[in-house]
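One structure below.
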Amino acid sequence: MHGTLPTEIGNLKRLRDLVLISEDDAELVGPIPSEIGHLQQLTYLNLDGNELSGPIPSEIGHLQQLMYLELSYNRFSGPIPSEIGHLQQLRSLELRFNTFRVPFQVKLEICSNSFTLTFPTTSD
């Protein structure tokens, strides 16, 4: 898949796994559409290694079945949405190598989980 992630992605309401990884050349560009929040059955979302940009949409917090969220190696910026803290099934959160430019302000209230968070250092 090349180009932007279409808003029609939200029509795939029974989708359980969405893996669109680019290992060589970036395939996807632009923002994640807010319609991603319509994928109520999604348990695994991996968009690593693309050129996705802009903020992570707050609608990610609607994915109550989500266990794995992998958005590393993109160009996401802005705040990390606090709605990620509502994902009670979340087991893995990977946000490495993005361009977040604001203070990290998210409250994660997820009990009995094990997280490894890595934040890139900047030379500002």
Side-chain angles (χ1 to χ4, degrees):
M1 180 177 214
H2 295 286
T4 60
L5 197 55
T7 57
E8 292 82 7
I9 195 81
N11 295 336
L12 303 173
K13 298 187 187 308
R14 293 182 185 216
L15 190 66
R16 297 187 53 80
D17 296 334
L18 179 57
V19 179
L20 297 171
I21 299 172
S22 177
E23 295 182 8
D24 295 324
D25 295 324
E27 307 272 341
L28 295 173
V29 297
I32 295 177
S34 60
E35 289 80 2
I36 198 84
H38 297 166
L39 305 178
Q40 298 293 309
Q41 300 301 312
L42 201 64
T43 61
Y44 184 55
L45 176 58
N46 187 336
L47 301 175
D48 283 355
N50 288 284
E51 294 286 331
L52 294 167
S53 60
I56 296 171
S58 61
E59 289 80 4
I60 288 280
H62 297 166
L63 305 177
Q64 291 301 304
Q65 301 303 313
L66 196 64
M67 297 176 68
Y68 301 94
L69 177 57
E70 300 177 9
L71 302 176
S72 297
Y73 301 97
N74 281 286
R75 295 178 183 249
F76 292 113
S77 60
I80 297 170
S82 61
E83 289 81 0
I84 288 176
H86 300 181
L87 301 175
Q88 296 181 2
Q89 301 299 317
L90 195 64
R91 300 290 181 260
S92 175
L93 173 63
E94 293 188 23
L95 302 173
R96 294 175 290 179
F97 298 99
N98 281 286
T99 56
F100 297 109
R101 297 283 183 198
V102 296
F104 184 76
Q105 296 180 4
V106 64
K107 180 179 179 183
L108 293 176
E109 293 184 18
I110 303 174
C111 299
S112 302
N113 287 295
S114 155
F115 288 95
T116 301
L117 298 176
T118 305
F119 299 96
T121 57
T122 60
S123 58
D124 292 327

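These numbers come from the heavy atoms of this one structure, side chains and all, not from hydrogens, waters or symmetry mates.
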ask   = With side chains defined as the heavy atoms from C-beta onward, is the minimum distance between His38 and Lys13 less than 4.5 Å?
value = yes

inquiry  = To the closest 0.5 Å, what do you measure between CD (Gln89) and CD (Gln64)?
reply    = 8.0 Å

request  = Please confirm whether the backbone N or O of Phe76 pairs with a side-chain atom of Thr99, one donor and one acceptor, at under 3.5 Å?
outcome  = yes

key: Distance-only polar pair, side chains of Asp17 and Thr43, donor-acceptor under 3.5 Å   = yes

key: Leu18 side chain near Leu42 side chain, heavy-atom distance below 4.5 Å   = yes

Closest non-hydrogen atom pair between Pro33 and Pro6, with its separation = CG-O, 3.7 Å

Heavy-atom side-chain contact between Leu5 and Asn50 under 4.5 Å = no

message = Test of understanding: clusters of I, L, V, M, F, W, Y form through side-chain heavy atoms closer than 4.5 Å, transitively. Do Leu12 and Leu52 belong to the same one?
response = yes

message = Before you tell me yes or no, could you show the steps for Ile60 and Leu45 under side-chain contact (heavy atoms from CB on, under 4.5 Å), namely the whole-Å CA-CA distance, both residues' side-chain angles and the distance that decides it to 0.1 Å?
response = CA-CA 10 Å; Ile60 288 280; Leu45 176 58; 4.0 Å; yes

query = To the nearest 0.5 Å, how far apart are CG in Leu66 and OG in Ser92?
reply = 9.5 Å

ask   = Glu70 pairs by side-chain contact (heavy atoms from CB on, under 4.5 Å) with which of Val19, Ile21, Asn46, Leu95?
value = Asn46

ask   = Which value, rounded to the nearest 0.5 Å, describes the distance between Leu28 atom CG and Asp48 atom CG?
value = 11.5 Å

message = Contact between Leu93 and Leu87 at the side-chain level, heavy atoms closer than 4.5 Å - yes or no?
response = no

task = Specify whether Tyr68 and Tyr44 have parallel, tilted or perpendicular ring planes, treating 30° as the upper limit for parallel and 60° as the lower limit for perpendicular.
result = perpendicular

inquiry  = Taking Gly85's backbone N and O only, do any of them form a donor-acceptor pair with Gln88's side chain (distance below 3.5 Å, no angle check)?
reply    = no

request  = Kindly indicate whether the side chain of Asn98, heavy atoms from C-beta on, has any atom under 4.5 Å from the side chain of Ile56.
outcome  = no

request  = Working to the nearest 0.5 Å, report the span between CD of Glu27 and CD of Glu51.
outcome  = 11.0 Å

query = Are any side-chain N or O atoms of Asn74 and backbone N or O atoms of Ser72, one a donor and one an acceptor, separated by less than 3.5 Å?
reply = yes

